[in-house]
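Read through the structure below, which is laid out as structure tokens, and then see the notes.
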Number of protein chains: 2
Amino acid sequence: MTKTRAAARLPLNEILCGDCTEIMEGLPEASVDLIFADPPYNLQLKGDLRRPDNSRVDAVDDAWDRFASFEAYDTFTRAWLAAARRILKPEGAIWVIGSYHNIFRVGAALQDQGFWILNDVVWRKSNPMPNFRGKRLTNAHETMIWAGRDQGAKYTFNYDALKALNDGVQMRSDWVLPICNGHEREKDAAGEKAHPTQKPQSLLHRVLVGASNPGDVVLDPFFGTGTTGAVAKMLGRDFIGIERDQGYIDVARARLDRVRKFDRTALEVTAGKRTEPRVPFGQLVERGMLRPGEMLVNGRGQQAKVRADGTLVVDGLKGSIHQVGAALDGAPSCNGWTYWSFVRDGQRVPIDLLRQQIRAELG
Amino acid sequence: MTKTRAAARLPLNEILCGDCTEIMEGLPEASVDLIFADPPYNLQLKGDLRRPDNSRVDAVDDAWDRFASFEAYDTFTRAWLAAARRILKPEGAIWVIGSYHNIFRVGAALQDQGFWILNDVVWRKSNPMPNFRGKRLTNAHETMIWAGRDQGAKYTFNYDALKALNDGVQMRSDWVLPICNGHEREKDAAGEKAHPTQKPQSLLHRVLVGASNPGDVVLDPFFGTGTTGAVAKMLGRDFIGIERDQGYIDVARARLDRVRKFDRTALEVTAGKRTEPRVPFGQLVERGMLRPGEMLVNGRGQQAKVRADGTLVVDGLKGSIHQVGAALDGAPSCNGWTYWSFVRDGQRVPIDLLRQQIRAELG
DNA sequence: CAACGTGCTGAATCAAGCT
DNA sequence: AAGCTTGATTCAGCACGTT
């Protein structure tokens, strides 16, 4: 009976194979701090789409994204949300990502079940797939809903960490991040993308830094190739993954084995100092251009450690790239962008180069 | 009776005072090209919000934004959407703007009533109000839903005009625009903002340029201080405004009197090739620009013979310029106009050049 | 001069689907 | 059936300048 299974220990840092609703029903009540869910979008695709050069778009045509009707999709959604709600701690929170095909149904279901929406967050893709037919706007964003378990319930929000990640100004509800491709994109044996909708690590990085703490339990009921687990592991959170496709699980397991946790000081997050500059240093970290724990070096060879929220630490000294630089030089101020370098292939490279890359991407 | 009122003429460029559902029920069926709606957001604000300096934030606390529950809000939403759908032409479209408080309920209701979502569009505010309490992300965007009346229905989309607006690249689904303030913000007699949620004209400009044509009828059931009407008038569209607050209507009337329509050349908009007159390939033969028996050549050097009726033949293969091109490439389709060239003075010249000559003659 | 680094350009690649 | 429909990124190739 459920009672027995519910008493079972929480299977931390494992991937459970099966239907997420059923599996969540077997987990102990009020045991999870954060849920990140990337459910099927119900894209309702028909026929095939070709580019102007007649090549075929490799679209999402997997069985798991097919539903007979909005009603069928609603039934599915309400079932997994109810199961998710039961295992969520009273002060836990849920994030769900979707597109216009499904997100309105998900949002209404969340509200109907008593979740309390805290923000909707727009992921603005810096490099979306264009609209090949020229019949609509380029679909350049996806929407995440962040909700607490109940109206008035407490929830985790690391305001200052996100502010630091955003170089000293409040984090907004729209996040500009590139889609997942290149080396970060998991490949199958044939060298093809292993999953059609793999999310970028930078997105999960921001969610987990902002809405969870080290040691928290983060559950992902649609684990796919395990981005949530990978970022949770790096950030020192425990994860629980649920996925019904064994092929995806195999890819995720191999991926998680490769992932290393960032060290402890890198994970500590500022309590709230800031500076003025305009392009967030934290983005270099979120995007994986610099790893938390990596050392930066100044002109005199002094080293500073990069932390997950985009701040630096040297001995007891913590702060932004500018603050730490100024303190080391005993100067009233310092432009951290030109002050710090990182090391690649034995060469010192100014971090400003990375900022220029981001600026180029953003146009 | 409704029947009588429904037969009434369309009240163009007027503001009707009253409940929008009732008034729309009295308008003729299938008579409106575009609906832009900015319904109450159901913000559910409690208490008051103060800035760090203890000044009070002038929030939306008007009676029109209070609903007892999500159910009450849904009932309201489904009623006005049904009335809106009846007066929409089969090839018309609707835009609805909202925030996370209401947009998920609006989106689900749209889908449930048979509207077909074409895009969701994020208005990314370049200057949003900060989050004073530091308890959530800065609420820096609102969401618009663009939907056709039915799945598969035609709709107006001025692809090339929006592309031109966007510096020559496809318009994306996220629009960065400042909020409405300064001189554009309508003031009441006391010099205070006349309406708490006045939308910027830039937003409506983009919607109307992209999703309507000059002479179209644009209806706004929550007219407020008349931004939709003002931009419609400037752009040479007819508007119908519905508003139940006489105070807002007075402000809107005065505003509309001040607005001047742009002149004709300013209103002309980059048109796509689609809207150019269709020229049958056979006309090139009829006019003697190509001779029957002459050979066309594709990119791979394969040749096809032009016949007197404007069809091509290669070996046993006969058909239109498009069909033969597709068959030779083993492709599902082909644009024969760009696929085939003829030879003049040893040079390959695309046949599309001849079509352009004919179009130029047609004006 | 050879060897190598830099920067430009154009081809190739690839992206939650859209008459 | 006609005929209209991309943009960001990566990487190889190559000219050119420096060591």
Side-chain angles (χ1 to χ4, degrees), chain A residues 38-62 64-65 97-103 123 125-143 178-185 187 191-193 195-200 222 224 345 347 357 360-363, chain B residues 91 116-119 146 148 151-157 159-160 163 166-173 271-276 278-282 310-311 319-326 331-340 351-352 355:
Chain A
D38 182 12
Y41 285 11
N42 188 26
L43 292 182
Q44 312 162 84
L45 306 179
K46 303 191 199 55
D48 63 348
L49 175 67
R50 286 172 185 271
R51 301 183 184 83
D53 65 2
N54 247 329
S55 64
R56 195 173 158 281
V57 172
D58 181 19
V60 178
D61 54 0
D62 309 74
W64 50 253
D65 195 46
I97 184 167
S99 69
Y100 67 83
H101 305 85
N102 71 323
I103 198 66
W123 168 28
K125 303 178 185 182
S126 55
N127 50 349
M129 185 166 70
N131 183 301
F132 296 117
R133 291 266 168 84
K135 305 306 278 186
R136 303 185 185 184
L137 300 164
T138 303
N139 216 329
H141 75 276
E142 294 186 21
T143 301
I179 60 176
C180 178
N181 54 18
H183 289 117
E184 192 187 317
R185 189 85 192 224
K187 305 293 195 300
E192 301 293 314
K193 58 186 176 190
H195 192 283
T197 70
Q198 186 181 338
K199 295 294 174 285
F222 305 96
D345 305 317
Q347 295 289 319
Q357 279 179 28
E361 278 180 39
L362 299 178
Chain B
E91 302 184 353
W116 195 250
I117 298 182
L118 300 167
N119 276 117
W146 172 31
Q151 179 175 13
K154 278 193 189 172
Y155 52 88
T156 298
F157 180 55
Y159 173 80
D160 291 286
K163 188 168 176 175
N166 197 35
D167 259 349
V169 293
Q170 291 188 337
M171 184 65 78
R172 300 166 42 116
S173 57
K273 290 173 187 157
R274 277 188 201 91
T275 62
E276 296 187 60
R278 182 172 171 273
V279 178
F281 176 72
T311 56
S320 73
I321 52 173
H322 315 289
Q323 291 170 323
V324 174
S333 70
C334 164
N335 181 352
W337 289 108
T338 54
Y339 183 85
W340 295 107
I351 58 173
D352 203 31
R355 181 169 66 161

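Order of the sequence lines sets the chain letters (A, B, ...), proteins ahead of strands, with each chain counted from 1. Quick caveat, the model's predicted, so the values are computed rather than measured.
- Spacing between atom CD of A/Q44 and atom C1' of C/dC18 amounts to 13 Å, rounded to whole angstrom units.
- Side chain A/N42 to base C/dA16: no donor-acceptor pair is found below 3.5 Å.
- The salt bridge (Lys or Arg N to Asp or Glu O under 4.0 Å) test applied to B/R172 returns B/D174, not counting sequence neighbours.
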Secondary structure of DNA chain C per the Watson-Crick/G-U criterion (both distances under 3.5 Å; [ ] crossing, | other strand, . unpaired) is .||||||||||||||....
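- The aromatic ring centres of B/W146 and B/Y155 sit less than 6.0 Å apart.
- Taking only side-chain nitrogens and oxygens, B/R355 never comes nearer than 4.0 Å to OP1 or OP2 of D/dA2.
- Every residue meeting the side-chain contact (heavy atoms from CB on, under 4.5 Å) condition with B/S173, not counting sequence neighbours, appears here in chain and number order: A/N139, A/A140, A/H141.
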List every contact pair, protein side and nucleotides 7-15 of chain C side both N or O, where the distance is under 3.5 Å.
| residue | atom | partner | partner atom | Å |
| --- | --- | --- | --- | --- |
| C/dA15 | OP2 | A/K193 | NZ | 3.2 |
| C/dA15 | N7 | A/R51 | NH2 | 2.7 |
| C/dA15 | N6 | A/R51 | NE | 2.2 |
| C/dA15 | N6 | A/R51 | NH2 | 3.4 |

Show each protein N/O and nucleotides 17-19 of chain D N/O combination with a separation under 3.5 Å, one pair to a line.
none

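- Salt bridge B/D160/B/K163: absent, no basic N to carboxylate O contact under 4.0 Å.
- Ring geometry, B/W337 versus B/F281: the interplanar angle exceeds 60°, so the pair is classed perpendicular (tilted spans 30 to 60°).
- With D/dA1, D/dG3, C/dA16 as the choices, the nucleotide that has an atom nearest any side-chain atom of B/Q323 turns out to be D/dA1.
- A close approach under 4.0 Å does occur between a side-chain nitrogen or oxygen of A/Y100 and OP1 or OP2 of C/dC18.
- Taking side-chain N and O atoms only, B/S333 has no distance below 4.0 Å to OP1 or OP2 of D/dC4.
- For the pair B/N119 (side chain) and A/L137 (backbone), a donor-acceptor distance under 3.5 Å is present.
- Take A/H101 and apply the ring pair (Phe, Tyr, Trp, His ring centres under 6.0 Å) test, not counting sequence neighbours, and it matches no residue.
- In this model, the phosphate group of D/dG3 is approached by a side-chain N or O of B/H322 to a distance below 4.0 Å at OP1 or OP2.
- To the nearest 0.5 angstrom, A/R133 atom CZ is 5.0 Å from A/L49 atom CG.
- When the side-chain nitrogen and oxygen atoms of A/H183 are compared with OP1 and OP2 of D/dT9, none of them lie within a distance under 4.0 Å.
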